[in-house]
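Have a look at the structure below before the remarks.
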Amino acid sequence: MRYSKYFIPTLREVPADAEVVSHKLMARAGMIKKLASGIYSYLPLGVVMIKKVEEIVRQCMNEAGAIELVMPSVQPAELWQESGRWDFYGKELLRIKDRHNRDFCYGPTHEEVITDIIRSYISSYKALPINLYQIQTKFRDEVRPRFGLMRGREFIMKDAYSFDVDDAGANESYKKMYDAYCKIFERCGLRYKVVEADSGAIGGSYSHEFMVLADTGEDFVISCDSCDYSANVEKAPLKNEYKPFAGEMKPAEDIETPGAKTVAEVAEFLKVPDAAIIKTMVLNVDDKIIAVCVRGDHELNLAKVKNYFDASIVDFATPAEIFDHTGSPMGFCGPCDIKIPVYGDFAVTEMGNYCVGANSKETHKINVNHGRDFQFEAVDDFRNAEAGDNCVACDGKYEITKGIEVGHIFKLGTKYSSSMNAMFLDNNGKRNPFVMGCYGIGVTRVVSAAIEQNHDEKGIKWPVHLAPFKICVLPLAMKDKDVVETAENIYKNLTDRGIEVLLDDRDERAGVKFNDAELIGIPLRVVVGKKTLADGKVEIGVRSTGESSETAVDDCCEEIVRKLQELSA
RNA sequence: CGGGGUGUAGCGCAGGUUGGUAGCGCACCUGUCUUGGGAACAGGGGGUCGAAGGUUCAAAUCCUUUCACCCCGACCA
């Protein structure tokens with residue numbers, strides 16, 4: 001490709017709204033342009049990047065026996081009503097109406113559509129298993145889009161769906177995808193980690209997330225320091241290793257705490273550590289109001305609560321609901337003398353003589369003890385794991401790191417096939433629902449993640465397999481015939497070998513060409529300048545290491561190919 | 001949705017408090033010169049000051065409303 005005939009509008013300055021490196025660099029490298037919050041145009045270089053990732057994804061998916069198709073981005077409401085998700089999938093689902101006032105949505109995911117396709121055509125166990133995938137633009141009306149392509153509202157995703165005759169088959173399909181995903185992310189040159197995850201809104205029995213480790217990640221990954229257990233904080237279970245409180249119970253008393261509402265304020269006021277306080281959270285669990293108590297310095301985990309109650313929707317109760325059910329203003333709730341059931345996190349069992357809200361304004365109770373002053377309905381694992389907590393799998397301790405979720409695989413079971421009546425006949429002639437799995441990769445997010453992991457102050461450093469161009473040829477003096485001719489020859493030679501080369505044939509100064517090449521992140525650079533050319537040499541530079549060396553013009557193409565192979569290995 | 005902030009040339013920003021000629025850097029166009037790390041000089045083009053309404057002789061500036069975008073808390077590839 002000739003730079004002068006291409007379109008890479010690089011920016012010298014960072015757009016004011018870019019926050020993270022990948023977003024800044026993508027904007028500066030002329031890959032994307034924002035149209036609206038969370039909605040971006042992919043400029044030519046951005047498209048090439050997306051295609052690079054897609055190419056790797058396709059190859060590995062096909063190898064794993066999955067078959068590509070494409071489903072519509074706009075879907076009728078009926079299908080979603082059938083699966084029951086029209087009402088459950090909240091505001092993220094972009095609902096639209098057509099001219100006949102019929103309800104549609106812009107697809108955030110495609111379980112309904114694929115299930116509809118499969119049930120229409122497959123009615124025998126003989127056609128199973130089957131795994132279909134697509135690479136499609138999706139839309140999720142995120143509450144807060146941010147970080148460029150990392151969390152866009154419109155984004156490109158590869159989603160695959162497997163259908164099996166039974167659980168064992170589904171497990172096998174799942175394993176295949178697991179392995180394919182590892183291959184994909186390895187080939188993308190990413191440092192990643194596979195973690196156990198909560199299955200969230202998609203539903204299903206178990207799932208894994210593929211996390212790219214990076215400081216800008218929005219997810220917290222728990223991993224053990226001595227075994228290889230790791231999980232999302234949402235999921236990471238904790239052991240019940242707390243012994244009941246055995247100390248002497250002091251008499252409880254109410255104490256005025258003017259102005260102190262949060263745990264930190266109360267702790268400061270009473271001069272006790274956060275861990276000597278119990279915070280009581282009032283929750284709405286499928287329209288039932290309950291209270292959950294966790295230690296003051298711990299964080300409540302709503303996903304765990306949701307799973308414990310096998311609920312569809314769990315949310316914090318509104319101030320009005322709190323007042324109606326406890327008589328308490330928000331911030332002063334406590335477990336004593338309230339009508340709703342009170343649950344506790346494991347960690348509270350060993351606490352005694354602690355402080356809780358007194359269910360009235362500006363008042364807390366101290367020296368409270370469960371068993372005497374109130375009863376827990378049940379005690380279970382309701383909090384987020386933290387660094388230093390004990391591993392569930394061994395004697396090690398948890399560590400916590402940040403990650404970007406680039407892939408997520410779910411074993412769905414029969415959730416969708418049952419609700420949508422997608423059945424096949426088994427070898428006994430009996431009707432069974434398909435056992436399903438679904439598997440997503442955020443293609444556009446992979447591009448972001450790759451940049452987060454591979455950059456320096458000058459710009460992007462693409463891993464070779466992702467690089468939009470493997471080599472750039474920079475003639476430094478466009479008015480010098482020898483320089484231009486030599487560069488053209490090298491360009492032609494390499495292009496003829498099927499290598500993606502960018503020839504910077506713009507009449508720009510050396511500095512401009514160097515800076516753009518480094519910003520765009522091309523792995524190898526060939527510099528053709530007057531001085532070195534006088535000695536019959538050109539300079540070959542490696543972006544990732546910053547090394548460079550001079551080579552005779554006649555040998556340079558061989559040398560470049562050799563270096564390229566070295567980088568690809 | 002709650003809290004905070006920003007909208008002025010393609011990009012980055014000043015100006016606003018004290019109303020009175022719309023400014024700077026980069027980019028762009030023309031020319032001279034230069035050419036291994038974002039050159040220099042000279043000349044030039046480009047603006048409904050986010051939008052609507054109001055106050056005023058006069059509004060980028062003051063008032064009201066509204067929209068968009070960004071950041072901090074509940075979602076997900």
Side-chain angles (χ1 to χ4, degrees), chain A residues 9-20 23 27-28 30 33-39 53 57 89-93 108-110 135-160 181 197-202 207 209-212 218-219 232 234 283 300 302-303 313-316 318-319 404-410 438-449 458 474-480 483 506-519 525 527-533 538-539 541 548 550:
Chain A
T10 55
L11 265 33
R12 193 182 296 205
E13 277 177 289
V14 186
D17 56 13
E19 185 78 4
V20 297
H23 186 192
R28 285 228 293 134
K33 169 163 171 52
K34 186 168 73 187
L35 181 62
S37 179
I39 301 178
V53 175
V57 169
Y89 210 106
K91 290 196 177 150
E92 264 177 68
L93 185 62
T109 173
H110 284 70
I135 296 178
Q136 243 277 20
T137 296
K138 312 240 178 204
F139 196 95
R140 292 185 188 171
D141 202 353
E142 295 281 347
V143 208
R144 197 146 104 70
R146 61 185 135 173
F147 302 161
L149 293 195
M150 200 106 106
R151 176 176 298 273
R153 291 193 290 175
E154 187 177 285
F155 60 100
I156 298 174
M157 177 170 150
K158 186 284 306 177
D159 47 327
Y181 272 40
D198 186 73
S199 44
I202 308 283
S207 79
E209 285 169 336
F210 290 74
M211 296 285 194
V212 164
E218 297 178 85
D219 284 277
N232 194 306
E234 292 223 315
L283 305 177
L300 179 70
L302 288 179
I313 297 174
V314 172
D315 207 348
F316 289 102
T318 62
I404 302 164
E405 183 190 355
V406 288
H408 200 158
I409 58 180
F410 301 85
C438 81
Y439 318 92
I441 289 181
V443 172
T444 35
R445 189 179 277 183
V446 167
V447 177
S448 289
K458 291 172 172 172
L474 310 187
L476 294 188
M478 291 308 290
K479 301 232 160 65
D480 186 293
V483 167
R506 296 174 299 170
D507 188 12
E508 288 286 357
R509 318 197 106 232
V512 174
K513 296 192 181 189
F514 286 143
N515 282 317
D516 278 342
E518 280 154 352
L519 173 61
R525 172 178 93 178
V527 182
V528 186
K530 267 193 216 170
K531 283 179 206 159
T532 45
L533 195 57
V538 295
E539 181 202 289
S548 70
E550 291 185 1

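Within every chain, numbering begins at 1; the chains are lettered A, B, ... in the order of the sequence lines, protein sequences first and strands thereafter.
For the OP1/OP2 pair of B/C70 and a distance below 4.0 Å, the side-chain nitrogens and oxygens of A/K34 include at least one atom meeting the criterion. One finds no side-chain N or O of A/T444 lying less than 4.0 angstrom from the OP1 or OP2 phosphate oxygen of B/A77.
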_Pair A/V483, A/K530 - check side chain to side chain contact (heavy atoms under 4.5 Å, CB included), show working._
CA-CA 6 Å; A/V483 167; A/K530 267 193 216 170; 4.1 Å; yes
_Pair A/E539-A/R525, side chain to side chain contact (heavy atoms under 4.5 Å, CB included): steps then yes or no_ = CA-CA 8 Å; A/E539 181 202 289; A/R525 172 178 93 178; 3.3 Å; yes
_A/D17 vs A/H23, side chain to side chain contact (heavy atoms under 4.5 Å, CB included): CA-CA, chis, key distance, verdict_ = CA-CA 9 Å; A/D17 56 13; A/H23 186 192; 4.2 Å; yes
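Here A/V406 lies in heavy-atom contact (under 4.0 Å) with sugar-phosphate atoms only. Nucleic acid contact for A/D480: none, since no nucleic acid atom lies under 4.0 Å from a heavy atom of the residue. A/R153 comes within contact range of no nucleotide atom at all, as no heavy-atom separation falls under 4.0 Å. If you check every strand for non-hydrogen atoms under 4.0 Å, A/E234 touches nothing. Using a 4.0 Å heavy-atom distance criterion, A/K138 is classed as making no nucleic acid contact. Nucleic acid contact for A/G529: base, since at least one base atom lies under 4.0 Å from a heavy atom of the residue. A/D17 comes within 4.0 angstrom of sugar-phosphate atoms only, judged by non-hydrogen atoms across all strands, and of no base. At a threshold of 4.0 angstrom between heavy atoms, the contacts of A/E19 are confined to the sugar-phosphate backbone, with no base atom among them. Here A/V14 lies in heavy-atom contact (under 4.0 Å) with sugar-phosphate atoms only. Using a 4.0 Å heavy-atom criterion, one finds that A/D159 contacts no nucleic acid atom at all. The residue A/G541 sits apart from the nucleic acid: no heavy atom pair falls under 4.0 Å. Nucleic acid contact class of A/L476 (heavy atoms, under 4.0 Å, all strands): base.
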What does the list of N/O pairs under 3.5 Å between the protein and nucleotides 25-29 of chain B look like, with a distance for each?
residue: B/G25; atom: N2; partner: A/E13; partner atom: OE1; Å: 2.9
residue: B/A27; atom: OP1; partner: A/R12; partner atom: NH2; Å: 3.3

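Straight-line distance from the CD1 atom of A/I39 to the P atom of B/C70: 10 Å, rounded to whole Å. A/F514 has its CZ atom 7 Å from the P atom of B/G37, to the nearest Å. A/R151 has its CZ atom 12 Å from the C1' atom of B/A74, to the nearest Å. Between A/K458 atom NZ and B/G37 atom C1' the separation is 9 Å, expressed in whole Å. Remark: C1' of B/C69 and NE2 of A/H23 are 12 Å apart, rounded to the nearest angstrom. Atom P of nucleotide B/A77 and atom CD of A/E405 are separated by 5 Å, given to the nearest angstrom. The interatomic distance linking A/M150 (CE) with B/A77 (P) rounds to 15 Å, in whole Å. Rounded to an integer number of Å, the gap from A/R525 CZ to B/G36 P is 13 Å.
In this structure, B/A40 and B/U32 make a Watson-Crick or G-U wobble pair, each of the two defining distances being under 3.5 angstrom. Across all strands shown, B/G7 forms a Watson-Crick or G-U wobble pair with B/C67, both key distances being under 3.5 Å.
Across the interface with RNA chain B, nearest-nucleotide mapping of A/L519 and A/A477 shows A/A477 to be the residue nearer the 5′ end. For the pair A/E550 and A/L302, both in contact range of RNA chain B, the more 5′-proximal nearest nucleotide belongs to A/E550.
On the C1' atoms, B/G73 is 37 Å away from B/C26, given to the nearest whole Å. Rounded to the nearest Å, the gap between the C1' atom of B/G16 and that of B/A22 is 13 Å. Annotation: B/C71 and B/U64 have their P atoms spaced 27 Å apart (nearest Å). If you take atom C1' in B/U8 and the same atom in B/C69, they sit 15 Å apart, rounded to whole Å. B/U32 and B/G12 are spaced 30 Å apart, taking the C1' atom of each and rounding to whole Å. Taking atom P on both nucleotides, B/U56 is separated from B/G19 by 16 Å, rounded to a whole Å. Taking atom P in both B/C24 and B/G45, the straight-line distance is 13 Å, to the nearest Å. The gap from the C1' atom of B/U6 to that of B/G15 amounts to 16 Å, rounded to the nearest Å.
Among B/G36, B/A77, B/U35, the nucleotide with an atom closest to any side-chain atom of A/A510 is B/G36.
With rounding to the nearest 0.5 angstrom, the CZ atom of A/R28 is 10.0 Å from the CZ atom of A/R12. The structure places CE of A/M478 at 5.0 Å from NZ of A/K513, a figure rounded to the nearest 0.5 Å. Separating the CG atom in A/D516 from the CZ atom in A/R506 is a distance of 4.5 Å, to the nearest 0.5 Å. Rounded to the nearest 0.5 angstrom, A/I441 CD1 and A/I156 CD1 are separated by 13.5 Å.
Nearest heavy atom pair, residue A/L11 against residue A/L519, reads O-CD2, 4.3 Å. Between A/V314 and A/L302, the closest heavy-atom pair is CG1-CD2, 3.8 Å.
Under the 3.5 Å distance criterion, the side-chain polar atoms of A/Y181 are matched with a main-chain donor or acceptor of A/G440.
Against RNA chain B, the stretch residues 142-149 of chain A makes heavy-atom approaches under 4.0 Å through A/E142, A/V143, A/R144, A/R146.
A/F155 qualifies as a stacking partner of the B/A77 base, centre to centre under 5.5 Å and near-parallel within 30°.
No salt bridge links A/E19 with A/R146; every basic N to acidic carboxylate O contact stays at or beyond 4.0 Å.
A side-chain hydrogen bond (donor to acceptor under 3.5 Å, both in side chains) with A/K138 holds for exactly one of A/D159, A/T444, A/T109; it is A/D159.
A heavy-atom distance below 4.5 Å is found between the side chains of A/Y89 and A/P108.
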